[in-house]
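Written below as structure tokens is the structure these notes are about.
In this text, all values refer to a predicted model and were calculated from it rather than measured experimentally. Letters A, B, ... mirror the listed sequences (proteins, then strands); counts begin at 1.
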Amino acid sequence: MLVRLLKYDFRSMLKQFSMIWLAALALALINSFTVTGLDSTSFRGETVAGISMLVYVGVMIAMFVIAVIFVIQRFYKGLLGGEGYLMHTLPVQSWELIASKLVCAVAVTFVSIIVAIVSILLICRSFIDWDGSFFQFMGWLWKNFDGDMMNAILVLAECLLLLFTGTAKSYLLLYLAMAVGHLAHKNRAGASVAAYIGIQAACNTLIGFAGGFFNNPLFRLIQNFAWESQGWGGLHITLWIFLAYTVVIAAVYFFFTNYILKHKLNLE
Amino acid sequence: MNEVLVTCAALSKRYGSKPALSGVNLQLGRGRIVGLLGPNGSGKTTLIKILCGLLQPTGGSVAIDGQPICPYTKSIVSYLPDRMYFADWMTAADLFDLFADFYADFDRNKAQAMCVSLGVTPGDRIKTMSKGTKEKVQLVLVMARKAQLYLLDEPIAGVDPAARDFILGTILTNYNENGTVMISTHLISDIEKVLDEAIFLKDGQVVLHDTVDEIREREGKSVDALFREIFRAGNYYDGGVF
């Protein structure tokens with residue numbers, strides 16, 4: 001059933017974002033010509049290039065702002081608002097509803113990041129010497145990582161994984177705040193904002209208390225091993241510790257959000 | 001298969017300090033058309049939403065086909081809410097895809113045929129449809145299923161008498177005859193002729209649950225007349241003051 005839910009959430013995402021993504025790439029392509037093609041010494045050329053770049057930056061900012069609004073709206077309207085009447089009467093488990101929204105939210109963020117990177121590369125394409133220095137640089141990189149390329153790729157994968165789980169954790173915090181706010185009988189939006197601040201504060205307090213834990217011998221052992229390990233080993237361990245921490249917190253957020261939707265749902 | 005389709009035992013629901021349902025005990029069989037009757041605020045919508053899983057009861061229990069509310073019960077319940085639940089980006093055809101994906105009892109051909117008879121173009125976006133057309137789409141989605149329990153929340157409220165007949169006709173010609181239809185309304189005269197059973201809800205409590213024939217025979221009056229008598233403003237509202 002999760003796959004079927006994803007199908008509809010992704011369709012909703014594409015309907016909203018395909019135009020924005022295409023616009024961002026098209027504007028980047030236009031800018032790639034205007035930044036180099038137009039005569040920058042003439043006032044007209046400078047103005048056109050300036051406006052074109054301004055529009056591009058505007059679309060880029062709008063893309064990420066809309067992405068965040070989309071993430072919030074798809075959960076709030078889709079599960080706690082009018083559309084919730086449809087979603088919560090489907091024969092699916094509540095965790096599947098949350099998971100579907102989450103996967104879609106993380107996907108929209110990462111596709112937006114990829115679109116941003118590709119668009120920047122498009123603009124910079126005329127500044128990169130693809131035949132010469134670029135490949136020389138890549139060759140230099142390969143040479144310097146010689147023998148450790150596997151480790152470098154692994155660290156990159158770990159960083160990407162950390163980025164994925166970190167994004168999911170942030171969104172799950174938003175979901176939990178909205179679910180907690182939904183428990184209020186009045187002004188649920190305000191209660192959601194208050195819940196977001198409250199949960200953040202509670203987490204920070206817990207982390208403060210956990211300072212005691214971090215001083216315990218086991219953690220000191222891991223820490224010493226991480227920092228004292230030669231080369232890549234320490235870096236891998238550090239990244240996996242961060243990853244485990246992020247996954248645990250995200251799982252806690254997910255658990256409580258699911259508990260509220262399953263046992264406390266009140267679509268009044 | 002359980003002979004009893006719906007069971008509510010000591011079911012209660014409070015909104016803050018305000019009770020919406022208080023100790024509701026109810027059993028519904030199969031193949032019945034049941035009127036859930038009561039004035040505004042009597043708890044009709046609350047009861048239906050609990051049966052759908054949109055509200056959690058404060059106390060008591062509820063079971064459909066012998067099971068508490070869960071994905072299985074949702075798969076055999078077809079629910080018509082008293083509000084729109086569509087995403088604006090969808091078309092009626094998208095909704096047919098969605099229902100076909102999630103409900104094994106959804107009949108797409110029947111839905112398309114109903115669209116033709118109701119004058120709905122499935123390819124139109126929901127956003128561009130009038131309120132009346134959206135309501136028709138919602139009705140098509142609900143009645144194109146061969147569900148075991150239809151929960152129809154105020155399907156004829158806010159429409160003119162001709163449209164009421166049309167909606168009731170659509171319901172009666174399309175429901176699964178082995179299933180039970182529960183229609184909530186306070187417009188009793190319009191639906192009395194099609195009802196097998198009537199449930200009177202008053203202040204969140206079931207004050208009467210019987211077959212329509214039995215009510216007529218025992219009381220010597222129509223269900224509508226009895227409803228008016230029980231819920232007359234002077235009786236219903238304390239002091240009779242509005």
Side-chain angles (χ1 to χ4, degrees), chain A residues 1-20 66 70 73-97 100-101 104 179 182-188 191 258-268, chain B residues 13-18 20 45-46 48-58 67-91 94-95 97-106 125-127 134 137-138 141-142 145 147 149 151 153:
Chain A
M1 286 297 185
L2 179 61
V3 174
R4 294 178 195 180
L5 284 172
L6 283 168
K7 181 176 144 188
Y8 289 93
D9 275 325
F10 271 89
R11 204 186 270 185
S12 161
M13 175 184 84
L14 285 175
K15 290 250 181 190
Q16 255 182 297
F17 278 90
S18 51
M19 287 309 289
I20 300 169
I66 292 170
F70 173 84
Q73 207 186 31
R74 290 313 306 144
F75 189 85
Y76 200 75
K77 271 179 75 177
L79 295 184
L80 303 175
E83 288 171 43
Y85 280 72
L86 175 64
M87 301 314 289
H88 288 290
T89 48
L90 292 176
V92 296
Q93 301 282 358
S94 50
W95 71 263
E96 291 176 299
L97 293 171
S100 176
K101 300 287 176 217
C104 193
H182 165 80
L183 297 175
H185 292 288
K186 287 178 190 170
N187 194 11
R188 289 177 165 177
N258 185 46
Y259 179 82
I260 293 170
L261 290 196
K262 193 173 180 182
H263 299 288
K264 303 284 175 191
L265 181 72
N266 274 310
L267 289 186
E268 290 170 26
Chain B
K13 174 69 188 173
R14 301 181 77 88
Y15 295 117
S17 60
K18 193 180 163 220
T45 297
T46 300
I48 285 181
K49 283 185 179 177
I50 288 174
L51 292 171
C52 292
L54 296 177
L55 287 177
Q56 306 302 315
T58 315
Q67 294 202 29
I69 306 306
C70 62
Y72 166 70
T73 64
K74 290 176 184 181
S75 73
I76 60 167
V77 170
S78 191
Y79 168 54
L80 181 72
D82 58 349
R83 58 187 293 172
M84 295 299 145
Y85 59 30
F86 304 132
D88 280 347
W89 62 269
M90 285 183 140
T91 63
D94 289 331
L95 285 160
D97 289 344
L98 187 141
F99 269 58
D101 271 349
F102 286 96
Y103 298 110
D105 58 15
F106 181 74
R125 281 181 75 176
I126 300 293
K127 203 176 185 176
K134 285 180 189 172
V137 172
Q138 220 156 252
L141 289 166
V142 171
R145 287 185 56 197
L149 178 63
L151 297 171
D153 194 1

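- Heavy-atom distances place the side chain of B:Phe99, and not its backbone, under 4.5 Å from chain A.
- Dense packing is recorded around NZ of B:Lys134, with more than 12 heavy atoms of other residues, nucleotides or ligands lying under 6.0 Å away.
- Your options are B:Gly53, B:Ala20, B:Pro81, B:Gly16, and the one with the most heavy-atom pairs under 4.5 Å with chain A is B:Gly16.
- Of the two parts of A:Lys264, only the backbone, made up of N, CA, C and O, holds a non-hydrogen atom closer than 4.5 Å to a non-hydrogen atom of chain B.
- Looking at A:Glu83 and B:Tyr85, their side chains never come closer than 4.5 Å, going by heavy atoms from C-beta outward.
- When each of A:Gln16, A:Arg11, A:Lys7 is checked for heavy-atom pairs under 4.5 Å with chain B, A:Arg11 comes out on top.
- Remark: B:Tyr79 pairs with no residue by the ring pair (Phe, Tyr, Trp, His ring centres under 6.0 Å) rule, at least two apart or across chains.
- Proximity to chain A (any heavy atom under 4.5 Å) is restricted, for B:Leu95, to the side chain, taken from C-beta onward.
- Checking B:Thr91 against B:Asp94 by side-chain atom types alone, a donor-acceptor pair falls below 3.5 Å.
- Interface summary for chain B: among A:Thr89, A:Leu5, A:Val92, the most heavy-atom pairs under 4.5 angstrom belong to A:Thr89.
- Residue with the most contacts toward chain B among A:His185, A:Met87, A:Lys77: A:His185 (heavy-atom pairs, distance under 4.5 Å).
- A:Leu79 and A:His88 make their closest contact through O-NE2, 2.8 Å (heavy atoms, listed as atom of the first residue, atom of the second, distance).
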